[in-house]
Each structure stands twice: as structure tokens, then as C-alpha cells.
*Asks:* 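Can you read through this structure? Questions will come right after.
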Amino acid sequence: MMCYYTMNPKGRKSAMVPTTTSSVRTRFAPSPTGFMHVGNLRTALYEYLIARSLGGTFVLRIEDTDRGRLVDGAVDAVYRTLARVGLRHDEGPDVGGDFGPYVQSERLHLYRPHAEALVAAGHAYRCFCTKERLESLRAPAASAGAAEDDGSGAAAGAFSAGYDRHCRDLPAEESARRAAAGEPHVIRQRMPLEGTTVFEDAVYGRIEVDDAELEDQVLLKSDGFPTYNFANVVDDHLMRITHVVRGSEYLSSTPKYQLLYEAFGWKPPVYVHLPVVNGADGKKLSKRHGAVSFEGLVDEGYLPEAIVNCIALLGWSPGGTQEIFTLDGLCRAFRIDGISRSPAVLDYDRLRWFNGEYLRALAPEAFLAVASSWIARALPGAGAGLDLSRLAAALQPRVTQLSQIPGMVSFLKELPDYDLRLFANEKMKTDPALAAAMLGLAEKELAGLGEWTHDALHAALTGLAQREGRKNGQVMWPVRIAVSGTEVTPGGAIEILAVLGRDESLRRIGMARRKLADAR
RNA sequence: GGCCCAUUGGUCAAGCGGCCAAGACGCCGCCCUCUCAAGGCGGAAACGGGAGUUCGAUUCUCCCAUGGGUCACCA
């Protein structure tokens, strides 16, 4: 298999990106601790796109090593979301594959031997420190910053340097003896005390850190479960992952990964760190910015396709001016060097625009299918006798978020108690007096109408305007107000008459006439 | 606080030493029009600051400022 390297052009100090076309493997490795955040979804999307754009394989792995944070149903949400947006994984817990199992809790037997191998090689050691002792190490800093909540700037107080490497130099025999005696312990990585560790990121370029900065991190917890950092390295290697794609919050722990790969003598993967997605205030995207889970967004009336399109362009650019991309289109256009390094903000206005584009691109039947449940919310009882497809047609070009629908159609169910001043409109050149006159004529005209169809209604009303020497608007406006009681409606007078049907339309026009007459 | 990263219009962003600094969302105006949308046309709106390097910096280097990330037996 051929493997060549490209110098990426963004001035990123020679990020080496292997571009083999046959062996690329990426994985999405969520931990089932809740709903699927759009940030995670975007990570999954990029992992998928990198694999697909390079002819590679996309793997799903569940990282459930924190048994304290497991949330029921979280794994299902992952499956549902991936399926709903079309990110099909080639290997995973549900579809199998040659490198399983794909759930970390089923791989427990793998981690201890790897950790012990590191101990034997001197790259790791057993630590028998109690939780209490570790906490006491942190105590001074903790008390200083304890009162601080999330916002309002940096917590006062210094941060401790972390673990003091108390057990780092325990004699090997003592360590082995205490472990054999069943004394609880963790296994820690033995970091170099001096020197620098360097790694290459495909997005951020070359990054260098002092080894002295690195803590002797825990690899294997006392409960026998691996930590995320350790399991990740072991599994990524065993699963032949070539591109480790994840949020940039992992950038600062990547040197530890690098050292782990080196300790094992394994070839490090290509690191692809992604800029984070923030809310409008530049802070981490959270509920107070609006829905942030994929399913929450769907519940608010956004189409999965629109969500994917929108977030694909958050932190990545195809370079050209195209905005609308299908998943396949993204696979074709995606390039790692189009990923940017600065954080992006999810703009709901923009999401809404994408959504409108997708909504309008839908076939009329497809739009009716997605809109009907929203219509039903405002018009229970299937909108009794209303022409739903006609209504949907009026809605389609006007809706950018499905949740807008109930508010737009509620007047159909019940005529609002409107103000007669609505009949006055300067631009339409109408006022209550003219409206009363036109409504009288329109009522007669419509009552005698043979067929209650869009075309017939249109012919009748425009004919009326012509005969009376009026502008169309001088007839249409009063009629529309009369049958809707609403200043702004989806569709004009004709559409609403058609949707409402003859009886209800005439009833409403009659009511308007009486209202107008009473007011005189 | 240490370390790491970032900084082009309000937002997403192109830009790879020489441009009157693309495009999109949003906003404003006009057209179309039976309201509102959709559509068409047009407009306002940006290189955080300071030193260098260079004939020439949005682009390269350094410093500062600001923002973010990270310092767990969480991922």
C-alpha cells in the first residue's frame, strides 16, 4: 500500500498527513453519559468524512469505562442519532467487525496486561496512595477556589502541580509484594522528568511541551478499569485507528498519549484536533443557548440534513462559496486542511436558514409528511375538513423552523377576536368602510360560486375587483382579514379561502360584515 | 496561576507577501406582489494593538491584549 505525505499549505509547520487510500481508519468513541451534543455529532461527522473522503473505514466504539457516569439509554441515543443523520459505521458493537469487541467494558481483560507490560518495562508503576492522601495534595488549591462557581473569571488560588510521584520509586519487590497481598492500587505512567515531547497535529501543526509539565497520570484505576487516556491508546492501536480525531480540549493531554505510544513502541496515529463549538456568548455551548442535543434540535423543528449541513461548516470550509451540501457532497469535498483552528459559534439564525433551504427543497408530499404533526398541534382533530395539502403548500415557502407552524395556522381553528383597524391598510388602500362594501360584494360572489377551487376563487375575486374598478388588494385584503382575523398569514386570501372551505369562509365573512356594521 | 491554542464584518468564513479583503447568515433599502414569505437587485458592516523582517504585510517573526482549552482513580 502506498503512503505519501503532503505538506499542508496553511503554514502549519509541515503537518504530515498520510493520504493512503486503502487503510485509513477513524473511530467515533462516545461515552454514554447523556444525550448526543451537537459538538459530539460534529466530531463524529468529521471522523466519518475523513474516513469516507479517503476511502477508509469508520468505526464506532463505546467508551463506558466510567461506570459512575453511565446513563440509561445514552447508547441508544448514539445509535439513533448516527442512523438518523446517515453516518453509517462499518464496524461497531451492533454491526461487529474484525477488531471487536467494540465496547470498552467488554475489553477489560486487555488493559491490565498492557499496563503490567509497561510496569515491567519501567514506563509505569504501581501507586498505593489513598484517595485521601491525593485529596490532601490538592487541598490548599481547592479551598482557595471552592467558593467560585462556573462563570466570573478564573478561580482564585494557585493550582497544585498534581500528583507528587510519591510511589514512583518504590522498590520493585515491595510494589509486587503489596500488589500480590491485594492492596488496592492504581497504575501510573512514569513521565520523563526532563526533556520535551513533540507531536504533529494535522490541524494545529507541531506542538512541543516540556515533559516536566506532565503528570504521572493514572492508567489503570483501582477498580481495574482503564482511564480514558489509557484505554484510548490501547484500543486505537489494537483497532488500527490511523487518524485520531477529537475536540481540541484533548490537545493538552496529547503529549501523554504520544509518550504512551512511544513506551509501547507503537506508531502514533495522525492527530486531528478540532476547534470547539461555542454558544453566541463565546462560552461553551450549553442549554441556555438553545437546544444543543441533536434530538433536541429535531424536536425544535430542524431537519437532520440541515443540522448536519450547518455543523459541517462550523470549523471547516470547502474553500469555495457553496453552502448547501448533502452528506455525499461533503464526503467528496472534505479535506483535513480545510479544518480551522479557531473556535466557532453555532448561529441559530444560520441554522434556521439552512433549515428553510432544506424545507423548501422537499417534495410537497414530503413537506406535508414532516409538517403534519406540527399542524396537528394547533389543529387537533386533523383540522376537520381542511385541505391539508393546500395548507402545506402555503406553509412550505414560509417556514424556516417547523415549530413556527402552530402559531402560523392556529387562526384556522378559531377566528381570533381581531380589531377592526386591521381592515385599514394604507398600502392596500383600504379602510373599514371600503372593506364593508367589498365584503358585501365578495360574499354574494362567493356564495354563488359553483366550484370552490383555487382557480375559481381567484377568477371570482379578481373579476369582482375589475368590475368595481378596484385594485386586487382592495378586495383581497378585506377578505383575508375577514377569514383570518390575522395581519400576517401563510398565503393570501385565495389560499385561505381554499383551505377553509366554503361554509366556514362564508361564515367568517358574514361575521366580519356584522362586526363592521355594528361599529358604525 | 503554569502550560497549550486561537484572534478577518454581529455570526460562519475565503485569503498562503502585492486584491478597491470573496461568499453566506442576519440587518437595511428597492423590485415583484392579494398580507407575509420565497425570488431578484442593491447597501451598511472586518484584518485586536505594538514592534520588527521586507520595496511591500491580513498573510512571516517577536511582544502585549483579549478569548478559549487544560491541569481527576471524567471522558
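All heavy atoms count here, side chains included; hydrogens, waters and symmetry mates do not. Letters go in sequence order (proteins before strands), and every chain restarts at 1. Only a predicted model underlies this, so the values are computations on that prediction, with no experimental measurement involved.
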*Asks:* With both distances kept under 3.5 Å, what pairs with B:A38, Watson-Crick or G-U wobble?
*Replies:*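 The base-pairing partner of B:A38, which may sit in any strand shown, does not exist here.
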
*Asks:* It should be established whether A:Thr65 places a side-chain nitrogen or oxygen under 4.0 Å from OP1 or OP2 of nucleotide B:A75.
*Replies:*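 For B:A75, OP1/OP2 do have a side-chain N/O of A:Thr65 under 4.0 Å.
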
*Asks:* Which of the following nucleotides, B:A6, B:A72, B:C73, is nearest to the side chain of A:Glu215?
*Replies:*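 Closest nucleotide among those given: B:A72.
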
*Asks:* Between B:G67 and B:C28, how far is it from one C1' atom to the other, in whole Å?
*Replies:*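 Here B:G67 and B:C28 have their C1' atoms 31 Å from each other.
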
*Asks:* To the nearest Å, give me how far apart CG (A:Asp337) and C1' (B:A13) are.
*Replies:*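 Going from A:Asp337 (CG) to B:A13 (C1'), I get 15 Å.
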
*Asks:* Write down the distance separating the P atoms in B:A75 and B:G18, rounded off to the nearest Å.
*Replies:*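 That atom pair is separated by 48 Å.
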
*Asks:* Please walk me through it: do A:Thr33 and A:Arg69 pass side-chain hydrogen bond (donor to acceptor under 3.5 Å, both in side chains)?
*Replies:* CA-CA 6 Å; A:Thr33 55; A:Arg69 295 209 308 166; 4.6 Å; no

*Asks:* Rounding to the closest angstrom, what is the interatomic distance between B:G15 and B:A24 at atom C1'?
*Replies:*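 Those two atoms are separated by 16 Å.
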
*Asks:* Between B:A6, B:C4, B:A13, which one does the side chain of A:Ser317 approach most closely?
*Replies:*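 Of all the options, the side chain of A:Ser317 is nearest to B:A13.
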
*Asks:* Only pairs with both distances under 3.5 Å count, Watson-Crick or wobble alike; so what is the partner of B:G52 in this structure?
*Replies:*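 Matched B:G52 with B:C60 under the 3.5 Å cut-off.
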
*Asks:* Under 6.0 Å from the ring centre and within 45 degrees of the ring axis: does the NZ or CZ of A:Arg42 meet both conditions for the six-membered ring of A:Tyr46?
*Replies:*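 Judged by the rule, A:Arg42 and A:Tyr46 form a cation-pi pair.
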
*Asks:* Indicate, with a heavy-atom threshold strictly under 4.0 Å, whether A:Val218 touches base, sugar-phosphate, or nothing.
*Replies:*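 Sugar-phosphate contact only.
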
*Asks:* Considering just the side-chain nitrogens and oxygens of A:Lys283, establish if one lies under 4.0 Å of OP1 or OP2 belonging to B:G68.
*Replies:*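 So the side chain of A:Lys283 is within the cut-off, an N or O lying under 4.0 Å from OP1 or OP2 of B:G68.
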
*Asks:* Sticking with atom P, work out how far B:A22 lies from B:A65, rounded to a whole angstrom.
*Replies:*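 The same atom, P, in both gives a distance of 33 Å.
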
*Asks:* Taking the nucleotide of RNA chain B with the closest heavy atom to each, which residue, A:Leu251 or A:Tyr228, is nearer the 5' end?
*Replies:*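 Its nucleotide being nearer the 5' end, the pick is A:Leu251.
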
*Asks:* Have a look at A:Phe354 and say if it touches a base, only the backbone sugar-phosphate, or nothing, with a 4.0 Å heavy-atom cut-off.
*Replies:*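 Nothing, no heavy atom under 4.0 Å.
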
*Asks:* Is it true that the side chains of A:Glu47 and A:Thr43 contain a donor and an acceptor less than 3.5 Å apart?
*Replies:*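 Side chains of A:Glu47 and A:Thr43: no pair found under 3.5 Å.
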
*Asks:* Dump the intermediate steps for side-chain hydrogen bond (donor to acceptor under 3.5 Å, both in side chains) on A:Tyr125 and A:Gln189, then the final yes or no.
*Replies:* CA-CA 7 Å; A:Tyr125 61 90; A:Gln189 185 177 0; over 6 Å; no

*Asks:* Give none if B:A46 has no partner; otherwise give the nucleotide forming a Watson-Crick or G-U wobble pair with it, both distances under 3.5 Å.
*Replies:*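 When the pairing criteria are applied, nothing turns out to pair with B:A46, so the answer is none.
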
*Asks:* When both hydrogen-bonding distances must be under 3.5 Å and the geometry is Watson-Crick or G-U wobble, what is B:U11 paired with, if anything?
*Replies:*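 Because both required distances fall under 3.5 Å, B:U11 counts as paired with B:A24.
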
*Asks:* Pairing check on B:G1: which nucleotide meets the Watson-Crick or G-U wobble criteria with it, both distances under 3.5 Å?
*Replies:*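 WC or wobble partner is B:C71.
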
*Asks:* Not counting sequence neighbours, which residues clear side-chain contact (heavy atoms from CB on, under 4.5 Å) with A:Ser252? List them please.
*Replies:*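 Residues passing side-chain contact (heavy atoms from CB on, under 4.5 Å) with A:Ser252: none at all.
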
*Asks:* Tell me whether the side-chain N/O atoms of A:Lys221 come closer than 4.0 Å to OP1 or OP2 in B:A75.
*Replies:*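 Yes.
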
*Asks:* NE2 of A:His37 versus C1' of B:C74: gap in Å, rounded?
*Replies:*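 Taking atom C1' of B:C74 as the reference, NE2 of A:His37 is at 16 Å.
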
*Asks:* Got a list of side-chain donor-acceptor pairs under 3.5 Å for residues 453-466 of chain A, not counting sequence neighbours?
*Replies:*
| from | atom 1 | to | atom 2 | distance (Å) |
| --- | --- | --- | --- | --- |
| A:Thr453 | OG1 | A:Ala456 | N | 3.2 |
| A:Thr462 | OG1 | A:His458 | O | 2.7 |
| A:Thr462 | OG1 | A:Ala459 | O | 3.4 |

*Asks:* Hey, does the side-chain of A:Tyr204 have a donor or acceptor N/O within less than 3.5 Å of a partner on the base of B:A6?
*Replies:*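 There is none.
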
*Asks:* Look at all strands and tell whether A:His273 reaches a base, only sugar-phosphate, or nothing, counting heavy atoms closer than 4.0 Å.
*Replies:*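 No contact at all - A:His273 keeps every heavy atom at 4.0 Å or more from the nucleic acid.
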
*Asks:* Strictly below 4.0 Å, N to O, side chains only: are A:Glu135 and A:Arg133 in salt-bridge contact?
*Replies:*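 Looking at A:Arg133 together with A:Glu135, the answer is no, because their closest N to O distance does not fall below 4.0 Å.
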
*Asks:* When the P atoms of B:U58 and B:G49 are compared, how many Å lie between them, rounded to an integer?
*Replies:*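 The answer is 10 Å between these two P atoms.
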
*Asks:* Please measure how far the C1' atom in B:G23 lies from the corresponding atom in B:A37, and state the result in whole Å.
*Replies:*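 Each nucleotide's C1' atom is 24 Å from the other's.
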
*Asks:* Side chain of A:Ser222: nearest nucleotide among B:C3, B:G68, B:C73?
*Replies:*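 Of the options given, the side chain of A:Ser222 lies nearest B:C73.
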
*Asks:* Can you list the residues that meet the side-chain contact (heavy atoms from CB on, under 4.5 Å) rule with A:Asn278, with sequence neighbours excluded?
*Replies:*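 A:Asn278 satisfies side-chain contact (heavy atoms from CB on, under 4.5 Å) with A:Val276, A:Pro343, A:Val345 once adjacent residues are dropped.
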
*Asks:* Using a cut-off of under 3.5 Å, enumerate the N/O to N/O pairs linking the protein to nucleotides 10-12 of chain B.
*Replies:*
| from | atom 1 | to | atom 2 | distance (Å) |
| --- | --- | --- | --- | --- |
| B:C12 | OP1 | A:Val345 | N | 3.0 |
| B:C12 | O2' | A:Leu313 | O | 2.9 |

*Asks:* Do A:His185 and A:Phe128 have ring centres separated by under 6.0 Å?
*Replies:*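 For A:His185 and A:Phe128, the ring centres are under 6.0 Å apart.
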
*Asks:* Say you pick atom C1' in B:A72 and the same atom in B:C25; how far apart are they, in whole Å?
*Replies:*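 That atom pair is separated by 40 Å.
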
*Asks:* Compile the donor-acceptor pairs under 3.5 Å between side chains in residues 314-321 of chain A and protein atoms, sequence neighbours left out, one pair per line.
*Replies:*
| from | atom 1 | to | atom 2 | distance (Å) |
| --- | --- | --- | --- | --- |
| A:Trp316 | NE1 | A:Arg335 | O | 3.3 |
| A:Ser317 | OG | A:Gly319 | N | 3.0 |

*Asks:* Using whole Å, report how far NE2 of A:His454 lies from P of B:C34.
*Replies:*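 Roughly 12 Å, once rounded to whole Å.
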
*Asks:* If you draw a 6.0 Å radius around CD in A:Glu487, do more than 12 non-hydrogen atoms from other residues or ligands fall strictly inside?
*Replies:*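 At most 12 heavy atoms, drawn from other residues, nucleotides or ligands, come within 6.0 Å of this atom.
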
*Asks:* Flag the pair A:Tyr250 / A:Tyr228 as yes when their ring centroid distance falls below 6.0 Å, and as no otherwise.
*Replies:*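 When the ring centroids of A:Tyr250 and A:Tyr228 are compared, they turn out to be within the sub-6.0 Å range.
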
*Asks:* Taking the same atom, C1', in B:A45 and in B:A6, what whole-Å distance lies between them?
*Replies:*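 Taking atom C1' in both B:A45 and B:A6, they lie 23 Å apart.
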
*Asks:* Could you check how far CZ of A:Arg246 sits from P of B:C5, rounded to whole Å?
*Replies:*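 Computing the A:Arg246:CZ to B:C5:P distance gives 16 Å.
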
*Asks:* Under 4.0 Å between any heavy atoms, over every strand shown, what does A:Arg188 touch: base, sugar-phosphate, or nothing? Just pick one.
*Replies:*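 Sugar-phosphate, no base atom in range.
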
*Asks:* Tell me, for nucleotides 35-46 of chain B in 5' to 3' order, what letter each nucleotide earns: B for a base near a protein heavy atom under 4.0 Å, S for only sugar-phosphate near one, - for neither?
*Replies:* BBBSS-------

